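Below: the structure, in structure tokens.
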Number of protein chains: 2
Amino acid sequence: MVTLKDLARITGYSVTTVSRALNGYDDVNKETRDIILAAAEKLEYTPNINAQSLVTKRSKTIGFLVSDLKRESAKDNFTFEVLCGISEFVTEAGYEMILLSTSSSKQKNKTFRQIVSERNLEGIIIQGLKKEDPYLQEAIKGSVPTVLVDIPIENETTGYVTSNQHDSVKKAIKYLARLGHRNIAYMNGHKHAYVSEIRYQSYKEGLSEAGLEVDENLVCYGDYEEEKAYRASLDFLLSNPEVTAFFCASDIMALGVLKAAKELKLDVPKDLSIIGFDNILLTQYTSPTLSTIGQKPFELGKRGTELLLEIIQNSSTQRHIIIQNELILRESTAQPGG
Amino acid sequence: MVTLKDLARITGYSVTTVSRALNGYDDVNKETRDIILAAAEKLEYTPNINAQSLVTKRSKTIGFLVSDLKRESAKDNFTFEVLCGISEFVTEAGYEMILLSTSSSKQKNKTFRQIVSERNLEGIIIQGLKKEDPYLQEAIKGSVPTVLVDIPIENETTGYVTSNQHDSVKKAIKYLARLGHRNIAYMNGHKHAYVSEIRYQSYKEGLSEAGLEVDENLVCYGDYEEEKAYRASLDFLLSNPEVTAFFCASDIMALGVLKAAKELKLDVPKDLSIIGFDNILLTQYTSPTLSTIGQKPFELGKRGTELLLEIIQNSSTQRHIIIQNELILRESTAQPGG
DNA sequence: CTGTTAGCGCGTTCAT
DNA sequence: ATGAACGCGCTAACAG
């Protein structure tokens, strides 16, 4: 490892001068700078960011905090796409990202503030934490620059990125209504997620705006899991034969509904239309292919990082960014009866 | 941020004593220790790892180096699963992981060694780099503890994790032969990946051991992309109607072959059997569902991290770990002709 | 323009 | 059993 001291020794200048030459200060002789730069290049000098951050308080590092990354999470390429988006922008900006996975056991030992100060993190992006998660609460109250994915809360040091879920869900519901569907069911996820609430509200508003009545009995809960959605919809479809369309808060649950429909010999879309949410890769390969609301998680990650760095540098004019979703129509939607 | 100095001021002891009490040295009075520990707990003290690493040279941080994480990589849940595995073990061991994504532009400015020393990384896990990647070469030659995923190279400071690709590919080929297939084609990926070579070799050996001749003309190249595999196999199947089975070096390419078969009105598996590699989620949802060789990327990540930490601590007895794959038979394989 | 001094937060001699 | 002094690699205040 080559240090400033090494460069100082070799070039004959003091550590201070070397530091200033390298950091582009203009109070250093041009020739001196050239000599130092040449030496740095030759020896492949890179500043030790840890040492730098100790004095400047700027670690050039942000954290990406996600809920417990277990084996099962691997299916969730939403998180991964967000991650890729973060990675791309963070690199461009000369920062690096550290992956933080919460686990309940860990939370007992370390507070959010500790995790941040341990490594001088300049900011944090949070995704997938449940509403009541203590880390989330701490992040919102604290003064560490934070960007939330899909959790619409903002304050002095907190911003968020999300998609126009409200509009896009309403659009999907109204689309179904326009096709002629009158009994449109909703498969919701668990109540720990902010998005469940938003999507549910939007579903109800969509119905209203389409002139349809809201019937609380047409709501199922699938916990964002295929298996649970499958079982829930199996029962549900049996006892509610009047339902001709299902809007699901996630594609994974839509797969469960699709499976249940097949089990019940219901033809999709002839007997039952299905719309999911996320546009996961699978939706293009099921049979029938699945209509869905497409999110752009990569963009969420990228723009979220952008926002975070703005908050860190105090150069942000706004505290939230909305990415546009798109309604993607495939084979799983049609007029009732075909 | 609460520091050792703060604790010293509050408890009335010196910084040195506080440091030793917290680090479990036994040359400190029990009462003193209790007082200090209580204060630390109360103030939620956490050591600043950056400062620690400056003096101990142990940053408690490893890097996960992957090839350019672009928007398209998001489909690749192999990488994500490896990531999840790393995350799980790294956390258990009190380490943290930093995500490093290479890009050719970045490589011009920074050498591998620089990336490591910049943040005092204790070790690196490398996945998905091409054979000729300069970072990979540097990693192997250098003295930074390194674990390679699916690249069988080992030396004093380099180890690897991989799966028993050799055996599992041969097993798949011999299975097809036992079903009665005589003309088994191979869809290879690009030549930049080590695994392409290994799988190709194993394919040939599998044929030989099954008493079948190796015909170089039965090899296609799909670059690990669905679209390319689709186009390559479309041509190929037209001009090689005797082929009744296709072994593919990845599921993604198997999807391309499946698409081509449908395009050509070939029934899978009656007219054409297909086996893929990876066991991606999609393989369970295609129609027909896809037989494949299942890897355990989560395990690769987890065990790889385990190995890396052993190399770092110099406690490793071996330098490589092999995870067992499994041949998963679904609907895309049958006897020729049905 | 350049060097000296100081200190970020921490662990580690070496005294006492 | 405890503390003073030093240094990790770096930037910043001040002097000259």
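Residue numbering restarts at 1 for every chain, and letters A, B, ... go by the order of the sequence lines. FYI, side chains are in, hydrogens and waters are out, and symmetry mates aren't considered; it's all heavy atoms of this structure. If you're wondering where the values come from, they're calculated on a predicted model, not measured in any experiment.
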For this session: From the options dT12(C), dT2(D), dG3(C), select the nucleotide whose nearest atom is closest to the side chain of Tyr25(B).
Result: dT12(C)
For this session: Assign Asn29(B) to base, sugar-phosphate, or nothing according to its heavy-atom contacts below 4.0 angstrom with the strands shown.
Result: sugar-phosphate
Exercise. Can you tell which of Val90(A), Leu99(A), Thr305(A) makes a side chain to side chain contact (heavy atoms under 4.5 Å, CB included) with Phe64(A)?
Worked result: Leu99(A)
Exercise. So, is Lys5(A) near the phosphate of dC8(D), with a side-chain N or O under 4.0 Å from OP1 or OP2?
Worked result: yes
Exercise. Between Glu44(B) and Arg113(A), is the closest basic N to carboxylate O distance under 4.0 Å?
Worked result: yes
For this session: May I ask you to verify if any side-chain N or O of Thr3(B) is less than 4.0 angstrom from the OP1 or OP2 atom of dG9(C)?
Result: no
For this session: Figure out the CG/C1' separation between Asn120(B) and dC10(D), and round it to whole Å.
Result: 12 Å
Problem set entry | Length of the CG-C1' vector between Asn50(B) and dC10(C), whole Å | 11 Å
Exercise. Per the atom types in the model, does the base of dG3(C) pair as donor or acceptor with the side chain of Arg20(A) at under 3.5 Å?
Worked result: yes
For this session: Respond yes when some side-chain nitrogen or oxygen of Tyr45(B) is under 4.0 Å from OP1 or OP2 of dG9(C), and no when none is.
Result: no
For this session: Taking atom types as modelled, find out whether Gln114(A) and Tyr45(B) have a side-chain donor-acceptor pair closer than 3.5 angstrom.
Result: no
Exercise. Between dA4(D), dT2(D), dG9(C), which nucleotide has the shortest distance from any of its atoms to the side chain of Thr16(B)?
Worked result: dA4(D)
For this session: For Val55(B), answer base if it contacts any base atom (sugar-phosphate contacts may also be present), sugar-phosphate if it contacts only those atoms, and nothing otherwise; contact means non-hydrogen atoms under 4.0 Å.
Result: base
Exercise. Would one find a side-chain N or O of Lys57(A) under 4.0 angstrom from OP1 or OP2 of dG9(C)?
Worked result: yes
Exercise. Phosphate oxygens OP1/OP2 of dG11(C): is one of them under 4.0 Å from a side-chain N or O of Asn23(B)?
Worked result: yes
Exercise. When all nucleic acid strands are considered with a 4.0 Å heavy-atom cut-off, which category describes Thr56(A): base, sugar-phosphate, or nothing?
Worked result: sugar-phosphate
For this session: Look at the side-chain N and O atoms of Thr32(B) and state whether any lies under 4.0 Å from the OP1 or OP2 oxygen of dT2(D).
Result: yes
Problem set entry | Residue pair Tyr160(B) / Ile151(B): nearest heavy atoms and the distance that separates them | CB-O, 3.3 Å
Exercise. Can you check whether Ser19(A) has a side-chain N or O nearer than 4.0 Å to OP1 or OP2 of dT11(D)?
Worked result: yes
For this session: Indicate, with a heavy-atom threshold strictly under 4.0 Å, whether Val15(B) touches base, sugar-phosphate, or nothing.
Result: nothing
For this session: Check the distance between dT11(D)'s P and Asn48(A)'s CG and give it to me in whole angstrom.
Result: 10 Å
For this session: In whole angstrom, give the distance that lies between atom CD of Glu31(B) and atom P of dA1(D).
Result: 12 Å
Exercise. Should Gln52(A) be listed as having a side-chain N or O under 4.0 Å from OP1 or OP2 of dC10(D)?
Worked result: no
Exercise. Within the structure, does a side-chain N or O atom of Thr17(A) lie under 4.0 Å from either OP1 or OP2 of dG3(C)?
Worked result: yes
Exercise. Which of these nucleotides, dT11(D), dC1(C), dG9(D), is closest to any side-chain atom of Asp27(A)?
Worked result: dC1(C)
Exercise. Is it true that a side-chain atom of Thr146(B) and a backbone atom of Val144(B) form a donor plus acceptor pair closer than 3.5 Å?
Worked result: yes
Seminar exercise, completed: To the nearest angstrom, the CG-P distance between Leu54(B) and dG7(C) comes to 17 Å
